[in-house]
There are 2 protein chains.
Amino acid sequence: MTANPTALKKAQNEQSWGIQDFADLFEVTPRAIRFYEDKGLLTPSRESGSRVFGLEEHGRLTRILRAKRLGFTLDDIKVVMDVTYGLITDRVELTQRRDNFEKVIASLKRRRKDIDILAREMGELCSIIDDHLEKTADDSNVSSLAEAYDEVFREHFSHEMLDDPLFTNSKRS
Amino acid sequence: MTANPTALKKAQNEQSWGIQDFADLFEVTPRAIRFYEDKGLLTPSRESGSRVFGLEEHGRLTRILRAKRLGFTLDDIKVVMDVTYGLITDRVELTQRRDNFEKVIASLKRRRKDIDILAREMGELCSIIDDHLEKTADDSNVSSLAEAYDEVFREHFSHEMLDDPLFTNSKRS
DNA sequence: ACTCAGCTTGACGTTAACGTCAACGTTAAA
DNA sequence: TTTAACGTTGACGTTAACGTCAAGCTGAGT
């Protein structure tokens, strides 16, 4: 046996894509992908000039797009990726970023509440619309939509105000 | 009793704010608030030229900012608000928008999964950082961070790939 | 009468995340 | 060899959501 312990699986048989296929895979444009590379978020290998994307880059782009969907900027994402891929060695910097990450995690949990509330509100809105569409199945415009909305959101409103610390601030002249 | 059935509570004693106080209340700038008004998302009353914001506008801005936090554009928000406040009367338009709202609700639920995954990943990242900071409490840089990350994300990776429909698409020449 | 705080309406500047060209190189098939 | 498909690097354009002035009104206090 020729000496080849812990052989790197960097072999040929790993999946890989050209930029167009890779872009199609995630429903983004090649331009966007090049842009992410410029920002240092992707580092595809090259074959005679052309970019070649493998599983590693697939994983990265998956995470990039997930974070983007949640409203993070590419700079935000880079702050995380640089740590993830070991580009940050300074202990102080590392500690600061970890603290930041914990704040992000906290804000993510708040975001979940936002989602719950918005999803519920939009569900109610759909119901109200359905009611309205049913009542006025012919073409008489008897019931004003505004009334129904008003009821629902008034109720809402008091809910929100109760646990809203803002509400003890300032009044007006 | 003077005739006054179902009296409107449009009275004086409702809370109200000037633009600066109102902005402070939500930690945004007066400019942003004027911008939202230009876009038709807020319609404060006026007192000798100056804007006056009441409970109604408070509720609206609450919802505007919540939607913004979730990545919706102001135009997106207006599409919902216009329905909510009865500005859309056309049945066809109304039906289309309701269908759209249901898609939004569905995508909100997908967003929750994004949050769960990202929060978990960032939690793991924090743990890894802590481990690293502990091991190298002096200043010897024995363990490479990259190794630890690699393990965690490789695992991840296979998880994701399993339920990823994308993964049966295209290969490469 | 003057000043000042707080508001108003333009109007132009800025940033992020690409879109959209133009001009050019490379490989494989006809 | 020519063409076609696919890639490359600039470089400039675009949109959303404001920021940042400038110039002017307005009502309360001195």
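Lettering of chains follows the sequences in order, A, B, ..., and the numbering in each one begins at 1. No hydrogens, no waters, no symmetry mates; every other heavy atom, side chains included, goes into these values.
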Closest-nucleotide 5' rank along DNA chain C - winner of A/Pro30 and A/Ser50:
A/Pro30

Look at the side-chain N and O atoms of A/Arg34 and state whether any lies under 4.0 Å from the OP1 or OP2 oxygen of D/dT8.
yes

In degrees, rounded to 10°, what is the bend between the two ends of the helix from C/dA1-D/dT30 to C/dA30-D/dT1, using five pairs at each?
20°

Should the pair A/His58 and A/Phe26 be assigned to parallel (<30°), tilted (30 to 60°) or perpendicular (>60°) ring geometry?
tilted

Quick one: A/Asp24 CG to D/dG7 C1', roughly how many Å, whole number?
14 Å

Is the phosphate of C/dT26, meaning OP1 or OP2, less than 4.0 Å from a side-chain N or O of A/Arg46?
no

Would you kindly give the CD1-to-P distance between A/Ile19 and D/dC6, to the nearest whole Å?
14 Å

Measuring from B/Leu133:CG to A/Arg98:CZ, what's the distance to the nearest 0.5 Å?
6.5 Å

Distance check needed: C/dA5 P versus B/Asp21 CG, whole Å only.
16 Å

Say whether B/Ser107 and A/Arg69, considering side chains only, have a donor N or O and an acceptor N or O under 3.5 Å apart.
no

Go through the steps to decide whether B/Val79 and B/Asn100 satisfy the test side chain to side chain contact (heavy atoms under 4.5 Å, CB included), and finish with yes or no.
CA-CA 10 Å; B/Val79 170; B/Asn100 243 304; over 6 Å; no

Validate the cation-pi geometry between B/Arg60 and B/Tyr85: distance from NZ or CZ to the six-membered ring centre under 6.0 Å, angle to the ring axis within 45°.
yes

Under 3.5 Å: donor-acceptor pair, side chain of B/Asp76, backbone of B/Thr73:
yes

Produce a footprint string for nucleotides 15-26 of chain D: one letter per nucleotide, 5' end first; B if the base is under 4.0 Å from any protein heavy atom, S if only the sugar-phosphate is, - if neither.
-SBBBB------

When you check the side-chain N and O atoms of B/Asp24 and B/Gln20, is any donor under 3.5 Å from an acceptor?
yes

Could you check how far CG of B/Asp38 sits from C1' of C/dG10, rounded to whole Å?
11 Å

Test item: B/Arg63 side-chain N/O and B/Met81 main-chain N/O as donor-acceptor pair under 3.5 Å:
no

